[in-house]
Amino acid sequence: MQRLAVHGQAVSSPDEANRIMGENPVRSIAIVGANLAGGRAVEALRQSGFDGRITLIGEEPWRPYERPPLSKEVLWDPANVPDNFFLQDEAWYDDNRIDMRLGTRAEALDLAGGGVRLAGGELVQADRILLATGGHARKLNLAGADCANVHYLRTRDDATRMALDLREGASIVIVGMGVIGAEVAASAVKLGCKVTVVEPMPVPMERALGRRFGQWLGDEHRKRGVTAHFNCGVTGFRFADNRVSAVEADDGTVIPCDAVIVGVGIVPATSLARDAGIEVNNGIIVDRRCQTSNPAVFAAGDVAEQDGFFGGRFRQETYQNAADQAQAAALAMLGQEVSYCKPMWYWSDQFDLNIQFCGQIPVEAEVAIRGEMDSNAFVAFFLAGETIEGVLTVNRAPDMGVGKRLVERRARASAASLADAGVSLRDLLKQAG
């Protein structure tokens, strides 16, 4: 049974805990995860006027930074990361009195003691705790999967190590062609590598784009020199000098390589919550206030299993969700009214393609395309009946600004009007109210 303790008082139920929380001011907040979600939560707390103690705990030695550049700019030139790579400069955290505990692991949630126990035994006292623990790159269950030239991309240090192997002329095998695998493939081609992809699905990014548009993306990669083995898995490695020298695919192909890059998803970091008796499924279960089954503990970002905009529950592994949900959690921890539930929105830059998607692709969706796919500048709408449930833009980012709102408002339109470039998307939005 989960132990509940709020403001030093033992309580018997979540309702009693919420009552005590409402009667007592928040004096201290601990955030576990010095990443995008943790960083945005810290900012939101100070912007909302919270003047109490904030402790930000992170295992990496770096202050919060942007992850999208890891598969692009950091690989291209790891010694010169973009100016906006970090969320804030060091002075901001000093000026805002943020107690930064970087390079530090949170060992446990000590809910009875009212805080977070760090490796080494120190207890960071906190009236509220936000778990922004994200996840860890999923590893291949193969002998040699931990060799020095087998790379997984999750952190800045991962990208820096990977960049050393992405030298011109190198043969690179990428296992998995989801968003990360596809972006790294594009970066490796840019750097002059010979790139081969092994992907168990029939097309790249099928879960995100669907079969038709995944096929389009696969063709674009092929045109730019990427060799792909679809409907194919990896069965083993071959070795030379303690490094992987070739990848064995389940179709019998043996692919020589100088390095392997694995992009097969993440494992959500739920152990702190689980060990504290907080409800966990495919992530830390939260309500629309970002509150867990323990009222003093909140969660946000890749680790949070939340209500889906179209029903059901799932985790959103996107930049925008991490930022927006963390801000919502910050307000909820301060007692403000929050009801967070948004459709998924993500973007991916590959070669000269800016790909953005919002919403979902319904089963048996009717698809309306505005523009020509061959031009690599088009918009696709995915309809359930006449309800717009998903929007994909390629090199037409301004259209996504309207497209997102069409999805959020559950706007209705005919496929013919959506495909007609003479019909203004803004007029359709106005009609949706």
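Predicted, not measured: the structure shown is a model, and the values here were computed from it.
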Between the side chain of [X] and the main-chain N/O of [Y], is any donor-acceptor distance below 3.5 Å?
X	Y	value
R289	A329	no
S187	S71	yes
T235	E248	yes
R315	V303	no
D127	S28	yes
N96	I98	no

Residues [X] and [Y] bridged, charged N to O under 4.0 Å:
X	Y	result
D324	K342	yes
E305	R313	yes
D302	R67	no
R224	D352	yes
E43	R40	yes
R243	D165	yes

Within a radius of less than 6.0 Å around [atom1] of [X], do more than 12 heavy atoms belonging to other residues, nucleotides or ligands occur?
X	atom1	answer
R426	CZ	no
K194	NZ	no
N242	CG	no
R409	CZ	yes

Where is the tightest heavy-atom contact between [X] and [Y], given as atom of each residue plus distance?
X	Y	result
L191	L75	CD1-O, 3.7 Å
V280	A273	CG2-CB, 4.0 Å
A269	I284	O-CD1, 4.5 Å
A163	V74	CB-O, 4.4 Å
S348	V179	OG-CG1, 4.0 Å
E199	G178	OE1-N, 4.1 Å

Is the distance between the ring centroids of [X] and [Y] under 6.0 Å?
X	Y	value
H221	F351	yes
Y93	F86	no
F85	W62	no
W347	F357	no

Side chains of [X] and [Y], heavy atoms from C-beta outward: is any pair under 4.5 Å?
X	Y	result
V260	V175	yes
V116	I57	yes
V244	F239	yes

Legend entry - E122 and R117: CA distance, side-chain angles, deciding distance, salt bridge (charged side-chain N to carboxylate O under 4.0 Å, His left out) verdict: CA-CA 6 Å; E122 180 185 354; R117 187 74 62 180; over 6 Å; no

Inset, instruction - Carefully, step by step, assess E220 and R222 under the rule salt bridge (charged side-chain N to carboxylate O under 4.0 Å, His left out). - result: CA-CA 5 Å; E220 293 301 317; R222 177 182 52 77; over 6 Å; no

Inset, instruction - Run the numbers on R156 and D158 for salt bridge (charged side-chain N to carboxylate O under 4.0 Å, His left out), then give the verdict. - result: CA-CA 5 Å; R156 181 186 182 182; D158 291 340; over 6 Å; no

